[in-house]
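For reference, the structure is listed below as structure tokens.
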Amino acid sequence: MSSPPLAVASLTDPLELVAARLSGWLSARAGRDGVDPVVRPSDHADAQVNGALGLAKELGCAPRELAQEIIASGLLDDLCAEVEVAGPGFLNLTFANDVLNGLLTAVAGSERLGVEQSASPQTVVIDYSAPNVAKEMHVGHLRSTVIGDALVRMYESLGHRVIRENHIGDWGRPFGMLIEHLLDLGEDVAAAGLGQGDLDGFYKQANAKFADDEEFQRRSRDRVVLLQSGDPDTHVLWNRLVAMSTDYFNEVYSKLGVLLTNDDLMGESQYQPLMAGTIERLSQAGLMQESDGASVVFPPGFTNRDGDPLPLIVQAKTGGFNYATSDLSCVIDRVERLGANLMLYVIGAPQQQHLEMVFAVARMAGWLPDNVAAVHVAFGNVLGEDRKMLRSRSGDSVKLVELLDEAVERASAAVNEKNPDLSTDERAAVARMIGIGAVKYADLSTDRVRDYVFDWNRMLAFDGNTAPYLQYAHARICSIFRRAEEDRSVDRRFAVTETAEHDLALKLLAYPSAVADALTSNSPHKLCTYLFELAQQFTSFYEHCPVVRAEDAIREARLGLCNVTAQTLAAGLALLGIDAPERM
RNA sequence: GCCCCCGUAGCUCAGUGGAUAGAGCAACGGUUUCCUAAACCGCAGGUCGCAGGUUCGAGUCCUGCCGGGGGCGCCA
């Protein structure tokens, strides 16, 4: 796999400027390409260069001497106020304030805050959310939806062409039973119930009937056959059922504030017409084998519990297709019709082996050429305080809408208590931003592959790594401008002098790198960590450096820092799909 | 049995092969005639699950164990 880089090096992050310069010099010194100077943030200075240690060994010289050579090259002279060799051969860098001022000016002058558009935009297909028709959306869908949505926003911000794919479960055996239940209830009754979001009730009733009513079972099975054979009346009913569900999904999406619309729907059913062709192509490629009556492909490297090769079953012995067939058809569709260069599957971790097998078979068949990457963006479970899968008191999975409503309710109570001056409308709007933001941020702010513990008090706290804390920092800055009676959009002359200003400037300039790091690993939590550190850096600055009551030039310069901080917080939160209120 | 993921402070979590492993909660002690105290500062708190190995250098890479979770043929 050789894809062009998804993110471009920042032209405004001083660490990256250093890395770019030293990489060339060190490569020439070593006589080979691509030497990484290993420039990192440092506890001992603004940044440290570690590359001399590794390269000195390769070149057979003393690390400290090589570090001295780097200094002597003069390459860092115009960037750094101070450069010193430390320890076994580290290079500690302190950037010059006027360099930071210049870079800040460049950043403040652009909407993009230093984030470069990709020079080679990719077509990125992101598969996420994927609820099931006639089934409730629960916390399991929360993660896929929220993580996928953040990734969509991040890739789009770098100029990539993003295609959202909501692979809803709208096909399969249960639909015979669901359609029969729809008929039994009468469409109006069913529509009323489903319209109110009682999807679980509908599904469970149908399931219960199926369990102990033989006649219903027979009708259901017949109905599946009718559905699959394209019977027009059955399809009308099926369409109704799907539409009722997608209307409901859209309500949840609207509540959550994600980008998905009906245009992004690409359910299981869409791939049905393609599956026979998929089987045919596998067969012609000579990959198909028969095993216990089923048609299978054996991708190398997978074994079952007996140590035997593990097949990917693409056609059951009954002749029916399954999700492997569907997922393979899906790969073909995304590569050949949509022109995908990168496909992200935002799906729970348990699907890992299945997806690996699908990707492996697709590569064997030539459907995934080397310039197309398929990535499983896996995530862990949402746990309750008992550290087990989050469940409601009755033991059912928690309905997503109820969770979101409770979040807004809790945020509303906090806002009412802490800022009663806001108008009723504004309070409601702010409560929504805080409540939904808190839920999303809690989901996004830890490494996605791990499970996380769902805790109302923690996610809604105004302290710590939470959405409300970041939103508060942003609102506070907006408040400064109101108090100062200053326009935020005015260009200001930066004049970093104090340590707190210097450190804040450095953090602000690291934003593009934070976005790039989050994007290349598909890990929104890296952006969260950055934003939290930025907010902390800002409050520290704000404690030490008076803004509104400072003298003219200093006041202007500090207002400039405040403004870029607010812009960066808002932009970063926006990439996560979280709103930043101007007051709260 | 085989495979995958996780294991870092009392709790929740960061940590790109680099220096004395960092935050936030909670605890303790401070800071409000002062721009939003919804905040800030300080103080504590660690056998990075265990044992080997690679490396000038390992929380990070490799191997083997231990503990937790998940997956392993015709559901999606």
Side-chain angles (χ1 to χ4, degrees), chain A residues 36 38-44 48 50-51 53-54 56-57 63 86-90 92 130 132 167 169 171-174 268 291-296 301-308 310-318 320-324 326-327 348-354 356 378 380-381 383 387-389 414-415 417-419 434 442 445-447 449-453 455 457-459 461-466 468-469 471-473 475-484 517 521 525-526 528-529 532-533 536 539-540 542-550 558 562 583-584:
Chain A
D36 182 359
V38 195
V39 183
R40 300 283 185 265
S42 177
D43 292 336
H44 307 276
Q48 60 185 57
N50 305 332
L53 286 109
K57 176 151 181 96
F90 300 109
N92 287 346
N132 293 314
H167 199 209
W171 201 255
R173 281 207 324 239
E268 293 283 329
S291 173
D292 295 337
S295 300
V296 307
F302 296 89
T303 52
N304 67 11
R305 68 182 80 225
D306 300 320
D308 299 327
L310 183 67
L312 185 70
I313 296 169
V314 294
Q315 193 162 17
K317 62 183 165 199
T318 60
F321 302 131
N322 59 15
Y323 74 132
S326 167
D327 286 343
Q351 298 285 332
Q352 181 175 329
Q353 188 182 52
H354 166 72
E356 279 173 359
N381 295 315
L383 306 180
R387 306 236 43 163
K388 293 183 174 157
M389 295 268 284
V415 174
E417 183 197 334
K418 287 170 174 157
N419 200 346
I434 295 176
S445 58
T446 63
D447 188 353
V449 81
R450 295 173 46 142
D451 297 344
Y452 77 93
V453 177
D455 181 332
N457 292 332
R458 198 161 47 240
M459 73 177 72
F462 291 88
D463 310 297
N465 189 9
T466 68
Y469 177 80
Q471 289 169 323
Y472 174 67
R476 212 176 179 192
I477 296 171
C478 294
S479 159
I480 292 167
F481 280 87
R482 283 195 299 272
R483 181 68 63 120
D517 287 347
S521 57
H525 85 277
K526 293 187 177 180
C528 296
T529 301
F532 177 54
E533 287 168 357
Q536 281 183 308
T539 46
S540 169
Y542 192 55
E543 285 293 314
H544 292 104
C545 303
V547 178
V548 176
R549 58 174 188 269
R558 290 183 179 166
C562 287
R583 63 182 95 215
M584 59 189 279

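Note that the coordinates shown come from a computational prediction; the quantities given were computed from them, not determined experimentally. By convention in this document, chain letters (A, B, ...) are assigned in the order of the sequence lines, proteins followed by strands, and residues within each chain are numbered from 1.
Atom OH in Tyr469(A) sits roughly 11 Å away from atom C1' in rA23(B) (whole-Å rounding). The CD atom of Gln536(A) sits 14 Å away from the P atom of rG22(B) (whole-angstrom rounding). In this entry the distance linking CG of Asn465(A) with C1' of rG22(B) reads 13 Å, nearest Å. Rounded to whole angstrom, the span from the CG atom of Asp447(A) across to the P atom of rC13(B) amounts to 11 Å. Between the CG atom of Asn50(A) and the P atom of rA19(B) there is a distance of 8 Å, given to the nearest Å. Taking atom CG of Asp43(A) as the reference point, atom C1' of rG18(B) lies 12 Å away to the nearest angstrom. Note: CD1 (Ile477(A)) to C1' (rA38(B)) measures 15 Å, nearest angstrom. Nucleotide rG42(B) holds its P atom 11 Å from the CD atom of Glu543(A), rounded to whole Å.
With sequence neighbours left out, Arg583(A) forms a side-chain hydrogen bond (donor to acceptor under 3.5 Å, both in side chains) with Glu426(A). Legend: residues meeting ring-ring contact (aromatic ring centres under 6.0 Å, His included) with Phe481(A), ordered by chain and number and at least two apart, are absent. For Tyr542(A), the ring-ring contact (aromatic ring centres under 6.0 Å, His included) criterion is met by Phe538(A), not counting sequence neighbours. Not counting sequence neighbours, the partners of His167(A) by the ring-ring contact (aromatic ring centres under 6.0 Å, His included) test are Tyr271(A). Every side chain to side chain contact (heavy atoms under 4.5 Å, CB included) that Arg450(A) has, sequence neighbours left out, goes to Asp447(A). With sequence neighbours excluded, no residue forms a salt bridge (charged side-chain N to carboxylate O under 4.0 Å, His left out) with Glu268(A). Residues forming a ring-ring contact (aromatic ring centres under 6.0 Å, His included) with Phe302(A) (at least two apart in sequence, or on another chain): none. Under the salt bridge (charged side-chain N to carboxylate O under 4.0 Å, His left out) criterion, Arg476(A) pairs with no residue at all, not counting sequence neighbours.
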Inset, instruction - Could you encode protein contacts along nucleotides 66-76 of chain B as a string, one character per nucleotide from 5' to 3', using B for base contact, S for sugar-phosphate-only contact and - for no contact, with a heavy-atom cut-off of under 4.0 Å? - result: ----SSBBBSB
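In this structure, His544(A) does not reach the rC40(B) phosphate: none of its side-chain N or O atoms is under 4.0 Å from OP1 or OP2. For rG17(B), neither phosphate oxygen OP1 nor OP2 lies less than 4.0 angstrom from any side-chain nitrogen or oxygen of Arg40(A). Residue Arg476(A) places no side-chain N or O under 4.0 Å from the OP1 or OP2 atom of rA39(B).
For the pair Tyr452(A) and rU12(B), the ring geometry does not qualify as stacking, because the centroid separation below 5.5 Å and plane angle under 30° are not jointly satisfied.
Atoms CZ and CZ, on Arg549(A) and Arg558(A) in that order, are 10.0 Å from each other to the nearest 0.5 Å.
When the C1' atom is compared between rU55(B) and rC62(B), the two are found 12 Å apart, to the nearest whole Å. Here the separation of rC2(B) from rU47(B), taken at their C1' atoms, is 32 Å to the nearest Å. Between the P atoms of rC65(B) and rU20(B), the separation comes to 33 Å (whole Å). The gap from the P atom of rA58(B) to that of rA21(B) amounts to 13 Å, rounded to the nearest Å.
Using a 4.0 Å heavy-atom criterion, one finds that Asn92(A) contacts the bases of the nucleic acid, with or without backbone contacts as well. Among the atoms of the strands shown, none is found under 4.0 Å from any heavy atom of Phe302(A). Among the atoms of the strands shown, base atoms are found under 4.0 Å from some heavy atom of Ala475(A). Residue Thr529(A) is classed as a sugar-phosphate contact, given heavy-atom separations below 4.0 Å to backbone atoms only. Nucleic acid contact class of Val547(A) (heavy atoms, under 4.0 Å, all strands): base. Across all strands shown, Arg558(A) has no heavy atoms under 4.0 Å from either base or sugar-phosphate atoms. Ala86(A) comes within contact range of at least one nucleobase, with a heavy-atom separation under 4.0 Å. At the heavy-atom level, Cys478(A) lies nowhere under 4.0 Å from the strands shown.
Nearest-nucleotide positions on RNA chain B place Gln352(A) closer to the 5' end than the other of Gln352(A) and Arg387(A).
Without hydrogens or angle criteria, Thr446(A) side chain to Ala442(A) main chain gives no donor-acceptor distance under 3.5 Å. For the pair Asn419(A) (side chain) and Met584(A) (backbone), a donor-acceptor distance under 3.5 Å is present. A donor-acceptor distance shorter than 3.5 angstrom exists from the side chain of Asn322(A) to the backbone of Ile313(A), with no hydrogens or angles considered. Without hydrogens or angle criteria, Asn304(A) side chain to Asp306(A) main chain gives a donor-acceptor distance under 3.5 Å.
Here rC35(B) is the nucleotide among rA37(B), rG24(B), rC35(B) with the atom lying nearest to any side-chain atom of Val548(A). With rA38(B), rG18(B), rA39(B) as the choices, the nucleotide that has an atom nearest any side-chain atom of Phe90(A) turns out to be rG18(B). Residue Ser42(A) places its side chain closer to rA19(B) than to any other of rU12(B), rA19(B), rA39(B). Listed nucleotides: rG24(B), rC41(B), rC13(B). Nearest to the side chain of Arg450(A): rC13(B).
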Pick out the pairs of N or O atoms, protein on one side and nucleotides 56-65 of chain B on the other, that lie under 3.5 Å.
| from | atom 1 | to | atom 2 | distance (Å) |
| --- | --- | --- | --- | --- |
| rC56(B) | OP1 | Lys57(A) | NZ | 2.1 |

Write out a two-atom table: protein N or O, nucleotide N or O from nucleotides 25-30 of chain B, distance below 3.5 Å.
none

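Judged by distance alone, with hydrogens and angles left aside, Gln48(A) brings a side-chain donor or acceptor within reach of the base of rA19(B), the pair sitting under 3.5 Å.
In RNA chain B, runs of at least 3 stacked Watson-Crick or G-U pairs (N1-N3 plus N6-O4 or O6-N4, or N1-O2 plus O6-N3, all under 3.5 Å) give these stems: B:1-7 with B:66-72, B:10-13 with B:22-25, B:28-31 with B:39-42, B:49-53 with B:61-65.
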